[in-house]
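Inspection log for the structure reproduced underneath, given as C-alpha cells.
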Amino acid sequence: MEDMYRMDKAMNAQQDTKISARNVNVYYGDKHAIKDVSVEIADKTVTAFIGPSGCGKSTFLRCINRMNDTIDIARVTGNILIDGEDITDPRVDPVQLRAKVGMVFQKPNPFPKSIYDNVAYGPKIHGLARNKSDLDEIVERALRRGAIWDEVKDRLLEPGTGLSGGQQQRLCIARAVATEPEVLLMDEPCSALDPIATAQVEELIDELRQSYSVVIVTHSMQQAARVSQKTAFFHLGNMVEYGVTDKIFTNPEDPRTESYISGRIG
Amino acid sequence: MSLTLPLLVIIVLSIIGSYLARRRALSVSGGDIRHLASLPKQHGLNAILSTAVPAMLAIIVWLFAARIMEYRGAAPIWVPLGIMALALLGLVLSVMKVSNTFRARTASETWIKGLLIGASTIAIMTTVGIVFSMLFESINFFRQYSWTSFFFSTDWSPNFRGNSDLGILPLLWGTLYISFIALAFAVPTGLFAAIYLSEYATPRIRSIAKPAIEILAGIPTIVYGLFALVTVGPFLRDYFAQPLGFGDSASSVMTAGLVMGIMLIPFVSSLSDDIINAVPQSMRDGSLGLGATKSETIRQVVVPAALPGIVGAILLAASRAIGETMIVVLGAGAAARISLNPFEAMTTVTVKIVSQLTGDTDFASPETLVAFALGLTLFVITLALNVLALYIVRRYREQYE
C-alpha cells in the first residue's frame, strides 16, 4: 500500500523537470569521458546513476554543480539547465551555483572543526544567518534533516572527525542541506559505510526526496532499486538507458542494460 | 710503538680469517654446502666480524683510557701486542666454530646489529658530551660570578682586567628582537608563497618556483651577512632611519632581522608547502562543493587543517633565527643594548659567545667562561622550541591516517 503511494507520488513529481541536460560532452585531456548525454531529471525525486566503474556517471554528476571546473584538464560542452537557467554559461558563478546544488562525496569528509562549525560553515559563508540564534536554529534544523541530531546534540562542540563513518556521512549530508540547496548530488555516498550505516543513509535519502531533487551515483544496483524512482544506466561514457527504476530493473530495453543488471558485464 | 701496525694486522687477519672460515666450511660439508646450517660466505663474514670488531673496540678503549690517565707518548708495547692477540683469538675461535650445525648467519647478524647500535650511540653520546662540557664550564663560571647578576642584570660590559658586568638580558633582548623581526617578515612571506605554490600555481610554475625559493636555503649565512652590510643596512639608513629621525646607524636590528627573514623564507615555505599538500583533496572538494570560494576554502579549511604543521615549521625557523650568528655580526653590530628602536645597533647571544672566545683567552676568567653559560642558555631555549615543534608536528600527523 505504501509502495503504491510512493510510486504514485513519484509519477506526479515527474511532471516538473528540475535539471535538463542537453548534449553534454566531457573531455579529460584527450579522453572523451561523457559522450553526448541528454537527460531530464525531475524535482522531488531520487534519480540513480548506475553503471560499471569508469563509465562516467560521477563525471556527469560533477557537471551539475560544475565541480569539474576545479580540474584543470577537464572540458565540458553542451548545456545543463536548472529551472530553465543554463548553468554552463560562463557568466554563471559556480560559487553561487554550488550553494543551490549541494554535494555529498564518496568518502565522508568532515572538516577538522567541531560538529557545529561543520554544519555552520556553509550558512556562514553565504550569510544565511543574521545572528547567533539564527545560526543555532539553522544548524539544528540541518542536523535533524540529516537524521543525526539526537546522536550529536550533546556534543556539538566536539570535532566532527571523531564520529563513526556512518555518522560522519550523515553529518556531511546535514552540512550539505544546511545551505538550503534545491538539488542534492550524492557521489556513492554509502561506498565507505557498513550495511547498518548504509541503511540509515538510504532511509535519510528517501526522506530528503520530500524537499529536494536528489541525484545519486551508486555502484550497488540493489541500492539504486531501493532508493530511486528513476534510473539512468551509463556505459563507456554513453547514457544507454533512462527510465522508471522498476522498468529498468525488470524489463530493460537495451541489451547492454540487461547484461549489466543480470551481472554479465561490469 | 704506534697503533698503525695493529690496525694493519687486524685487516690482514680478517681477510685470512674469512678465507680460512670459508674453506673449512666447504671441507666440513664434504663438498655439498646444503649440509651446512649457514653458507660459507656467512661463515666468512662471521670470521671477519669476530676478528675485527673486538680488536677495534680495544683500540678505542685504549685511546680513551690513555686520555683519562693522562698518558702521553707512544703506547707501551703490551697494548698493540694485546690488540693483535685479541684479533688472532677472534680469528681462531671463529674458524674453530665452523661446523655443519653452527649458524654463522645468526652470529654475524648479531655482530652487525651491535655495530649499528654503536653508530647510533655515538650520535647520542656526542649530544650528551656537548651538554656536559657546557654544563661543567658553566658551573665553573657560576662559581666565580653570581647567577642573579648573570640572569637579571641589564648591563653587559666585559672587562678583561676584571670587574665585568655580564648580564645576559641585553643579549637575550637583542636575540629575541632580531628573531621576532625575522619571523615577522619570514612567516607571512613564506606562508603566502607556500599557499600560492600548493594551491594556485600550475605544475610548470611550481616546478620552477619551488627549487628557486629553495636556493635561498643553500646560500652561506656569511653571504647574507655581506648583503646586509653593504646593501640592506645603508639602504634602510638612507631611506628610513635618517628621514624618520631614528638615528643614523647602518647596523641595526632591522637590517639583521630583514636579512635573516629572507634566509628563513625557504624553511617556512618549503615545510608549509609540504604540509598544505598533505591536506586531503576531499577537504577542498567538500568546501568548494558547499559554495565556498577558493580563498575561503584555503582560509577556513586548508590552513586550519594544516595549522599544527605550519606552527611546527615556524618554530623550527625560530630556532634557526635564535642560533644565527654571521648575519647579526655584519648586520646588527656588536653593541649590547636594550632599546625599542629597531634602527639601533644591538647584538645577540651568539655574537657575544664568539667575541668572548676569540683573541687571547684565559679559560679561567669569568669573561671567557661566560660564553659557556650563554651557550647553555641558548641551547636550552632552542631545545625547548624544537621539542615543542616536534610535539606539535607529531600531533598533526595523527589527524589523518
Side-chain angles (χ1 to χ4, degrees), chain A residues 58 61-62 64-73 93-114 117-128 142 159-162 168-169 171-181 184-187 192, chain B residues 191 194-210 272 274-313 391-401:
Chain A
S58 287
L61 191 77
R62 289 168 66 95
I64 302 175
N65 67 348
R66 284 186 46 184
M67 277 302 273
N68 285 329
D69 286 18
T70 61
I71 299 169
D72 291 332
I73 54 163
D93 182 0
V95 166
Q96 279 179 335
L97 170 71
R98 288 176 202 145
K100 213 166 95 170
V101 184
M103 185 153 193
V104 176
F105 296 85
Q106 193 168 352
K107 221 179 127 207
N109 57 347
F111 303 135
K113 299 169 181 284
S114 70
D117 286 339
N118 260 288
V119 182
Y121 184 78
K124 268 189 197 159
I125 278 177
H126 298 292
L128 298 182
T161 40
Q168 285 189 7
Q169 193 61 301
L171 176 66
C172 291
I173 294 173
R175 187 175 71 184
V177 300
T179 56
E180 300 286 336
L184 206 50
L185 308 177
M186 297 186 160
D187 190 357
Chain B
L191 191 54
I195 289 173
Y196 171 71
L197 284 180
S198 57
E199 299 289 320
Y200 290 95
T202 59
R204 222 181 93 80
I205 292 178
R206 192 182 143 87
S207 69
I208 299 167
K210 203 174 177 200
S272 305
D274 291 345
I275 290 155
I276 290 173
N277 268 326
V279 174
Q281 181 60 32
S282 66
M283 292 287 146
R284 296 183 185 89
D285 281 348
S287 174
L288 293 172
L290 285 169
T293 62
K294 198 158 182 172
S295 73
E296 280 168 338
T297 302
I298 291 165
R299 212 166 49 239
Q300 301 192 27
V301 176
V302 178
V303 171
L307 196 61
I310 293 172
V311 171
Y391 169 76
I392 290 173
V393 169
R394 193 165 304 159
R395 252 191 52 178
Y396 164 77
R397 285 216 185 104
E398 288 167 0
Q399 206 157 7
Y400 311 106
E401 59 266 49

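Every chain is numbered from 1 and lettered A, B, ... according to where its sequence line falls, protein lines coming before strand lines.
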Inset, instruction - Give a yes or no on whether the backbone of Arg204(B) and the side-chain of Ser207(B) come within a donor-acceptor separation of less than 3.5 Å. - result: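 Judged by distance alone, yes, a pair lies under 3.5 Å.
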With only heavy atoms counted, which part of [X] is less than 4.5 Å from chain B, the side chain, the backbone, both or neither?
{"X": "Val104(A)", "value": "neither"}
{"X": "Pro110(A)", "value": "backbone"}
{"X": "Arg175(A)", "value": "both"}
{"X": "Phe111(A)", "value": "both"}

Legend entry - Interchain contact, Ser287(B) with chain A, by part (heavy-atom threshold 4.5 Å):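 Both the backbone and the side chain of Ser287(B) come within 4.5 Å of chain A.
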Legend entry - Minimum-distance pair of heavy atoms, taken over all atoms of Pro112(A) and Thr161(A):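 Shortest heavy-atom separation between Pro112(A) and Thr161(A) comes out as CA-CG2, 4.4 Å.
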Inset, instruction - Quick one: pull up CZ in Arg62(A) and CD1 in Ile71(A) and give me the separation to the nearest 0.5 Å. - result: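 Arg62(A) CZ to Ile71(A) CD1: 4.5 Å, rounded to 0.5 Å.
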Legend entry - Lys/Arg N to Asp/Glu carboxylate O, Arg66(A) vs Asp93(A), below 4.0 Å: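 A salt bridge is absent here (no side-chain N lies under 4.0 Å from a carboxylate O).
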Legend entry - Pick from Lys124(A), Lys113(A), Gln96(A) with the largest number of heavy-atom pairs that fall under 4.5 Å of chain B: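 Option with the greatest count: Lys113(A).
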Legend entry - Passing candidate, side-chain contact (heavy atoms from CB on, under 4.5 Å) with Ile298(B), options Gln300(B), Glu296(B), Lys294(B):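 Single pass found, and it is Lys294(B).
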